[in-house]
Amino acid sequence: AGRVVKVIALTGAFIPRKNNIVIGRVINITMNGWLVDIDSASSGFIPIDESPRFINKSEMDQFLAIGDVVAAKIWSIGGRGIDLTLKARGLGKLEGGFIFHVIPNRVPRVIGRDGSMIMLIKERTGCDITVGQNGWVWIHGPNIDAQILARHAIEFVTEKVAVEGLTEKMEAWFDEQGAHARQPHSGASA
């Protein structure tokens with residue numbers, strides 16, 4: 001008796017894939033890069049060469065310190081772990097705002113077809129939002145109310161069971177919140 005069995009629910013587990021954008025926290029600094037916890041079986045690693053500019057080895061913690069939150073892209077998955085890069089638009093250290101977690105397999109809903117859902121949420125809340133495929137979402141807005149509204153909107157999307165017409169439901173939800181009451185699109189049916 002006393003054996004501990006760890007069960008991981010597959011419905012929610014994050015399966016890292018090449019080119020995924022992930023959000024993680026720096027947990028260690030080595031000679032050649034940063035170790036990042038990305039909520040996966042193995043940690044992510046950002047080699048010093050994958051930072052967007054030249055960084056002196058003596059100044060690595062000034063660029064990214066332990067505890068910093070970053071958005072990075074998976075560029076290779078190998079036996080040693082998951083290699084990440086910061087060389088693309090929108091990647092790097094996420095400053096200000098806050099992060100929270102959603103079930104990773106609901107991330108596609110949050111992004112929407114061709115980014116339609118996330119664009120709508122950004123537009124209606126005025127927030128800057130980065131969504132990691134690993135389920136972490138970063139929100140930075142003009143004020144706390146805007147950030148909370150954005151978080152509630154994302155939770156609304158992830159909690160809906162039916163996905164049919166989700167964008168319309170989201171628009172109606174925003175109208176109920178009275179968020180930046182913009183002019184309704186002409187001819188749009190609620």
Side-chain angles (χ1 to χ4, degrees), residues 8-55 60 63-123 125 127-141 150-151 153-160 163 166-167 170:
I8 296 170
L10 286 177
T11 52
F14 164 61
I15 290 110
R17 293 190 176 87
K18 192 173 157 63
N19 293 328
N20 277 170
I21 301 291
V22 293
I23 292 177
R25 201 179 283 277
V26 177
I27 49 174
N28 206 350
I29 302 175
T30 72
M31 286 291 295
N32 331 314
W34 298 266
L35 216 57
V36 182
D37 178 5
I38 57 168
D39 265 4
S40 139
S42 43
S43 332
F45 182 70
I46 305 170
I48 194 164
D49 302 343
E50 289 303 319
S51 53
R53 56 182 174 80
F54 175 77
I55 287 157
M60 288 173 68
F63 177 68
L64 281 180
I66 291 174
D68 281 351
V69 175
V70 288
K73 186 172 166 178
I74 297 177
W75 62 274
S76 88
I77 302 171
R80 292 182 307 110
I82 299 166
D83 282 330
L84 306 172
T85 180
L86 300 177
K87 289 179 178 172
R89 223 178 118 252
L91 302 182
K93 184 172 165 180
L94 298 174
E95 299 188 76
F98 68 94
I99 64 169
F100 69 103
H101 196 258
V102 300
I103 300 168
N105 63 5
R106 301 285 168 85
V107 163
R109 288 184 187 197
V110 176
I111 294 169
R113 202 176 291 115
D114 298 326
S116 54
M117 183 63 78
I118 198 69
M119 284 308 298
L120 172 69
I121 297 172
K122 285 178 177 179
E123 233 169 63
T125 62
C127 290
D128 199 3
I129 305 169
T130 300
V131 183
Q133 295 291 335
N134 57 342
W136 286 100
V137 180
W138 173 77
I139 295 177
H140 187 260
R151 176 178 183 157
I154 288 165
E155 286 170 345
F156 175 85
V157 175
T158 56
E159 283 158 17
K160 279 281 167 242
V163 194
L166 197 50
T167 307
M170 187 80 257

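Note that these values count all heavy atoms, side chains included, but never hydrogens, waters or copies made by symmetry.
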Val110 and Ile129: CA distance, side-chain angles, deciding distance, side-chain contact (heavy atoms from CB on, under 4.5 Å) verdict: CA-CA 11 Å; Val110 176; Ile129 305 169; over 6 Å; no
Separation between CD1 of Ile77 and CG of Asp83, rounded to the nearest 0.5 Å: 9.5 Å
Can you tell me how far CD1 of Ile46 sits from CD1 of Ile82, rounded to the nearest 0.5 angstrom? 12.0 Å
From NZ (Lys160) to CZ (Arg106), nearest 0.5 Å: 12.0 Å
Exercise: identify the closest heavy-atom pair between Ile29 and Met60: CG2-CE, 3.7 Å
Single hit among Val22, Leu84, Ile21 for side-chain contact (heavy atoms from CB on, under 4.5 Å) with Lys73: Ile21
Between Asn134 (side chain only) and Ile23 (backbone N and O only), is there a donor and an acceptor less than 3.5 Å apart? yes
Do you know the tightest heavy-atom contact between Gly90 and Ala71? O-CB, 4.1 Å
Using modelled atom types and a 3.5 Å cut-off, is there a donor and acceptor pairing between side-chain atoms of Lys87 and backbone atoms of Asp49? yes
Let's go through Trp34 and Ile48 carefully: what are the C-alpha distance in whole Å and the side-chain angles of both, what is the deciding distance for side-chain contact (heavy atoms from CB on, under 4.5 Å) to 0.1 Å, and is it a yes or a no? CA-CA 7 Å; Trp34 298 266; Ile48 194 164; 4.2 Å; yes
Compare every heavy atom of Ile121 with every heavy atom of Ala153, then report the nearest pair and how far apart it is. CB-CG2, 4.1 Å
Crowded around Asp114 CG? As in, over 12 foreign heavy atoms under 6.0 Å? no
Applying side-chain contact (heavy atoms from CB on, under 4.5 Å) to Trp136 and Arg25, what does each step give before you reach the verdict? CA-CA 10 Å; Trp136 286 100; Arg25 201 179 283 277; over 6 Å; no
First locate atom CD1 of Ile27, then atom CG of Leu35, and finally report the distance between them rounded to the nearest 0.5 Å. 4.5 Å
Could you tell me which non-hydrogen atom of Glu95 sits nearest to which non-hydrogen atom of His140, and how far apart they are? O-CD2, 3.7 Å
Closest heavy-atom pair, Leu86 versus Ala72, reported as atoms and distance to 0.1 Å, is CD2-CB, 3.8 Å
List the steps and the verdict of side-chain contact (heavy atoms from CB on, under 4.5 Å) for Ile103 and Thr158. CA-CA 8 Å; Ile103 300 168; Thr158 56; over 6 Å; no
Looking at Gly112, is its backbone amide N or carbonyl O close enough to the side chain of Ser116 to form a donor-acceptor pair, meaning the two atoms are under 3.5 Å apart? no
Taking all non-hydrogen atoms of both residues, which atom of Phe63 and which atom of Ser51 are closest, and how far apart? CE2-CB, 3.7 Å
So CD1 of Ile38 and CD of Gln133: to nearest 0.5 Å the spacing works out to 11.5 Å
Rounded to the nearest 0.5 Å, what separation is found between the CG atom of Leu64 and the CD1 atom of Ile55? 7.0 Å
Counting N and O atoms only, with roles assigned by atom type, does the side chain of Lys18 sit under 3.5 Å from a partner on the main chain of Trp75, one being a donor and the other an acceptor? yes
